[in-house]
Amino acid sequence: VQLQASGGGLVQAGAPLRLSCTASGRTFSSYTIGWFRQAPGKEREFVSAISGSGDSTWFAESAKGRFIISRDNAKNMVYLQMNSLKAEDTAVYYCAAGLAIYSGIYSGYVSRPQKYDYWGQGTQVTVSS
């Protein structure tokens, strides 16, 4: 699976932005897709994830109520709609794919970057205050 994140840019605080993750491969719907971000000098952190079917979604506390994750398996796409952006959302955003992350019961792995098998290149999001 090859992933490519896009949609980043420079926006003002309070503005929305939608990130896209494009994937190759015929088994895309089998993968949990996660979004992570990394700000300068900080560790990579979990933002959101969505199960292969799209039925289950997860969000970091910082993203709850502001971000929406969705996927279109027919197009091999995952989207992260980010609303009410804050300066602290500034980071490079990465999408990642994992096959053995969520089986429908235990979701404890979705926020762990080491559990994901494939990573795309990042897209920069800069929020000016």
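None of the values given here were measured: they were computed from a predicted structure. Starting from 1, each residue takes its place in the sequence as its number.
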Please find the pair of heavy atoms, one from Leu3 and one from Cys95, that lie closest to each other, and give the distance.
CD1-O, 3.7 Å
ILVMFWY network linking Ile50 to Tyr118, side-chain heavy atoms under 4.5 angstrom:
yes
Provide the closest heavy-atom pair for Val47 versus Tyr93 in the form atom of the first, atom of the second, distance.
CG2-CE2, 4.2 Å
Would you check if the side chain of Asn73 reaches a backbone N or O of Phe28 as a donor-acceptor pair within less than 3.5 Å?
no
Rounded distance (nearest 0.5 Å) linking atom CG of Asp117 with atom CD1 of Ile101:
6.5 Å
Determine whether the aromatic ring centres of residues Trp58 and Tyr102 are separated by less than 6.0 angstrom.
yes
Quick one: closest heavy-atom pair of Leu19 and Trp35, and the distance?
CB-CH2, 3.7 Å
Does atom CD (Gln2) have a neighbourhood of more than 12 heavy atoms from anything else shown, all under 6.0 Å?
no
Under 4.5 Å between side-chain heavy atoms, counting indirect links through other Ile/Leu/Val/Met/Phe/Trp/Tyr residues: same cluster for Phe59 and Tyr106 or not?
no
Would you give the length of the straight line joining atom CZ of Arg112 to atom CZ of Phe36, rounded to the nearest 0.5 angstrom?
11.0 Å
Which is it for Gln124 and Thr126 under the side chain to side chain donor-acceptor pair (under 3.5 Å) test, yes or no, and what are the steps along the way?
CA-CA 6 Å; Gln124 175 71 47; Thr126 303; 3.3 Å; yes
Is there side-chain contact between Ser24 and Asn76, with heavy atoms separated by less than 4.5 Å?
no
Scan the side chains in residues 77-84 for donor-acceptor partners under 3.5 Å anywhere in the protein, sequence neighbours excluded, and list what turns up.
from, atom 1, to, atom 2, distance (Å)
Gln81, NE2, Asn83, OD1, 3.0
Asn83, ND2, Arg66, O, 3.4

Please work out whether the ring planes of Trp119 and Tyr94 are parallel, tilted or perpendicular, with thresholds of 30° and 60°.
perpendicular
Of all residues at least two apart in sequence or in a different chain, which pass the side-chain contact (heavy atoms from CB on, under 4.5 Å) check with Val11?
Ala15, Leu17, Leu85, Val127
I'd like to know if the side chain of Asp89 and the backbone of Val125 have a donor-acceptor N/O pair within less than 3.5 Å.
no
Kindly give the heavy-atom pair with the smallest separation between Thr32 and Ser51, and that separation in Å.
OG1-CA, 4.1 Å
Pairwise side-chain contact, Tyr116 with Val110, heavy-atom cut-off 4.5 Å (strictly under)
yes
Closest heavy-atom pair, Ala97 versus Ile33, reported as atoms and distance to 0.1 Å, is CB-CD1, 3.6 Å
Value rounded to 0.5 Å, distance of CD in Glu88 from CZ in Arg37
8.0 Å
Which pair of heavy atoms, one from Ser129 and one from Ala13, lies closest together, and at what distance?
CA-CB, 4.2 Å
Min side-chain heavy-atom separation Pro113-Gln38 under 4.5 Å:
no
Report yes or no: does Gln4 contribute a side-chain atom to a donor-acceptor pair with the main-chain N or O of Gln121 at less than 3.5 Å?
no
